[in-house]
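Taking it in order: structure first as structure tokens, then the write-up.
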2 protein chains.
Amino acid sequence: MYQQVERVGHDGAMNKQPKYRQVADALRREIDNGAYPPGSRLPSESELSTRFEASRNTVRSGLNALVSEGLISSSQGLGYEVRKHEVFELNASRFENLTFPQNGDAYSTDVTNAGRRPSQTFRVEMTPATAYVADRLKVALGSTTVLRFCHRFVDDVPWSTQATYYPDWLAKQAPRLAEPGDIAEGTTRYLAAAGIEQAGYFDEIATRMPTPDESRLLDVGAGVPVLLWTRTGYADDRVIRCTITTFRGDLNRMNYEIGTLPDRNGDERP
Amino acid sequence: MYQQVERVGHDGAMNKQPKYRQVADALRREIDNGAYPPGSRLPSESELSTRFEASRNTVRSGLNALVSEGLISSSQGLGYEVRKHEVFELNASRFENLTFPQNGDAYSTDVTNAGRRPSQTFRVEMTPATAYVADRLKVALGSTTVLRFCHRFVDDVPWSTQATYYPDWLAKQAPRLAEPGDIAEGTTRYLAAAGIEQAGYFDEIATRMPTPDESRLLDVGAGVPVLLWTRTGYADDRVIRCTITTFRGDLNRMNYEIGTLPDRNGDERP
DNA sequence: TTGCTCAACTTGTTGGTACAAGCTGATGCA
DNA sequence: TGCATCAGCTTGTACCAACAAGTTGAGCAA
């Protein structure tokens, strides 16, 4: 039942692409052209099967490729939808200082300023340092750290997770870090009051596909990478914290302003 | 021929996961445990088919999920291999100045310092500004820009593409920008000699799955996102360039040092 | 009108088969 | 010995069939 689709006379150029890829390429082209705008639904598998003279499985392979590219998503019973991308800008270089109302970064402020509604769940726990965290905090692997963990939402859509690790010595010096509740005035301000002023930080940005855990927390399907942001904060020569933030890659972009640059106004798309 | 694998007595907990997902989860666990270390080969589809008492198609679905996660890769005739991740660090905040030997960023220097061999192909062309570039360069959509394009390799492995766009007015002021050859002393130094000194820049970092073009240029298969780095350079109030760099997300990590921080030495893993 | 059921759509899962095509090592010929 | 060939492994592509399960709207019942 195998049939190689050679269509030489039909296509002009020698066409050695497998059928499922032809399907994917054709649909991708139509999506790019705007024939299927963001948010619209694609024809059903059986319709595409008829159109491309291919079996349902072959069409599914093609669609699956587009899902992996992050171009479309599917839901059982509903069909395939062209994905929308509304990117949220994160200004990471704005130096953290005491004027920020809460928790070290400008999440709530930025989201509210964008006219969206922020919400989050929060927990505190003591946890042994993983290799990654131990390296950055300059503590022994497995030694105790205080973890303050946020799961953040924008308009009730899962947006990011943020895990901040503090070394044990700092938690002794600033005991409220290890207490379960929120720190009303913000951790940065609280630490400053305790004599710990963050003087600089080191940011690392990486990307990869989400682990199953991350897929669950951020509610991302196949084809959406995560953006990993690790910020290690220093006061003098001491590491005072390590913050690992996981973003949905399709909804976020990080910005850094360095040196002298004019006032920015207009917004732009990816 | 459909059979739901309910295995209640066997598994204890109610097991409602589809079979292909059970396969993926089991293999992921074994890879994480080190049973299949990076670079090693997985059992063949038919062996897995026997082990999991599933059809080859079902096993392929499970393996496909792991490929999409970026955990393994497959090659026809060879089998499935657990992916290795050697991450290359890119220090993006080191302020660009005249001491850099070439082309605006520290690519060759960094790669050579890491004991790897850099190589690149290069081309120059005049091209109309896309919406993305026009926005950043503050020029009209479709107006002429000079594009200087690099395709970069590390030890002959495709690593990144870098497209730098210069506005037309700048190319008139610094005509060698539009000439096809390399600028020996580096574009930054050349522009400084022409009276254009970059005073600051604005960086944007995003991630997504590669387009087919990017997959080809960077030689990435399914499951590897790209890291997009856009740097817009300013001199006084004028935008002098916009550089869009595309990295393989599995091989690169970007770093920013901001504020005062101690000397860093030890290296670390993701 | 309101609310429920159900048919008819959608995609998801699992099985089967067949052949194409890439890789490797054994075999055999020169 | 050296080289070409080929058998036997691997994954890749393509088809078929059947049933599970989520969604929606039509239509009937209260």
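Letters A, B, ... mirror the listed sequences (proteins, then strands); counts begin at 1. These values consider heavy atoms only, across backbone and side chains, with no hydrogens, waters or symmetry-generated copies. Source: prediction; values computed, not measured.
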For [X], all residues meeting salt bridge (charged side-chain N to carboxylate O under 4.0 Å, His left out), sequence neighbours excluded:
X: Asp155(A); answer: Arg116(A)
X: Glu30(A); answer: Arg51(A)
X: Arg60(A); answer: Glu45(A)
X: Asp219(A); answer: none

Show your reasoning for whether side chain to side chain contact (heavy atoms under 4.5 Å, CB included) applies to Gln22(B) and Asp25(B).
CA-CA 5 Å; Gln22(B) 294 175 32; Asp25(B) 290 345; 5.8 Å; no
Interatomic distance, [X] [atom1] vs [N] [atom2] [rounded to whole Å]:
X: Phe52(B); N: dT14(C); atom1: CZ; atom2: P; answer: 13 Å
X: Lys19(A); N: dA14(D); atom1: NZ; atom2: P; answer: 7 Å
X: Gln22(B); N: dT13(C); atom1: CD; atom2: C1'; answer: 12 Å
X: Ile72(A); N: dT11(C); atom1: CD1; atom2: P; answer: 10 Å

Would you mind checking if Arg29(B) and Asp32(B) are paired as a salt bridge, meaning a charged N to carboxylate O distance below 4.0 Å?
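The answer is no: the pair does not qualify as a salt bridge.
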Residues Arg123(A) and Glu125(A) bridged, charged N to O under 4.0 Å:
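Yes, charged N to carboxylate O under 4.0 Å.
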Under a 4.0 Å heavy-atom cut-off, which of residues 63-71 of chain A touch DNA chain C?
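By residue number: none to list.
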Is there a residue in residues 35-50 of chain B whose heavy atoms reach under 4.0 Å of DNA chain C, and which residues are they?
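Of all residues in residues 35-50 of chain B, none places a heavy atom under 4.0 Å from DNA chain C.
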Output all residues satisfying side chain to side chain contact (heavy atoms under 4.5 Å, CB included) with Val124(B), sequence neighbours left out; order by chain, then residue number.
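Per chain and number, Val124(B) pairs via side chain to side chain contact (heavy atoms under 4.5 Å, CB included) with Phe122(B), Val146(B), Arg148(B).
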Go through the structure and list residues passing side-chain hydrogen bond (donor to acceptor under 3.5 Å, both in side chains) with Thr230(B), not counting sequence neighbours.
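Partners of Thr230(B) under the side-chain hydrogen bond (donor to acceptor under 3.5 Å, both in side chains) test: Tyr132(B).
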Could you work out, with side-chain hydrogen bond (donor to acceptor under 3.5 Å, both in side chains) as the rule, every residue matching Ser44(B), not counting sequence neighbours?
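If we apply the side-chain hydrogen bond (donor to acceptor under 3.5 Å, both in side chains) test to Ser44(B), skipping adjacent residues, the hits are Ser46(B), Glu47(B).
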Can you name the ring pair (Phe, Tyr, Trp, His ring centres under 6.0 Å) partners of Phe153(B), sequence neighbours left out?
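For Phe153(B) the ring pair (Phe, Tyr, Trp, His ring centres under 6.0 Å) partners, ignoring immediate neighbours, are His151(B).
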Parallel, tilted or perpendicular: ring planes of Trp159(A) versus Phe88(A), cut at 30 and 60 degrees:
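Trp159(A) vs Phe88(A) ring planes: perpendicular.
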Name every residue in residues 55-62 of chain A that has at least one heavy atom under 4.0 Å from any atom of DNA chain D, in order of residue number, or write none if there are no such residues.
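Residues of residues 55-62 of chain A under 4.0 Å from DNA chain D: Ser55(A), Arg56(A), Asn57(A), Thr58(A).
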Does anything in residues 215-223 of chain A reach DNA chain D, meaning a heavy atom under 4.0 Å, and if so which residues?
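Within this stretch, nothing sits under 4.0 Å of the strand.
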Any Tyr36(B) side-chain heavy atom under 4.5 Å of Ile72(B) side chain:
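Tyr36(B) does not reach Ile72(B) side chain to side chain.
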Nearest-nucleotide pick for Gln76(B), side chain only, options being dA21(C), dA14(D), dC23(C)
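Selected nucleotide (nearest to the side chain): dA21(C).
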Measuring to OP1 and OP2 of dG15(C), would you say a side-chain N or O of Tyr20(B) lies under 4.0 angstrom away?
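Answer no for this pair, as no side-chain N or O of Tyr20(B) is under 4.0 Å from OP1 or OP2.
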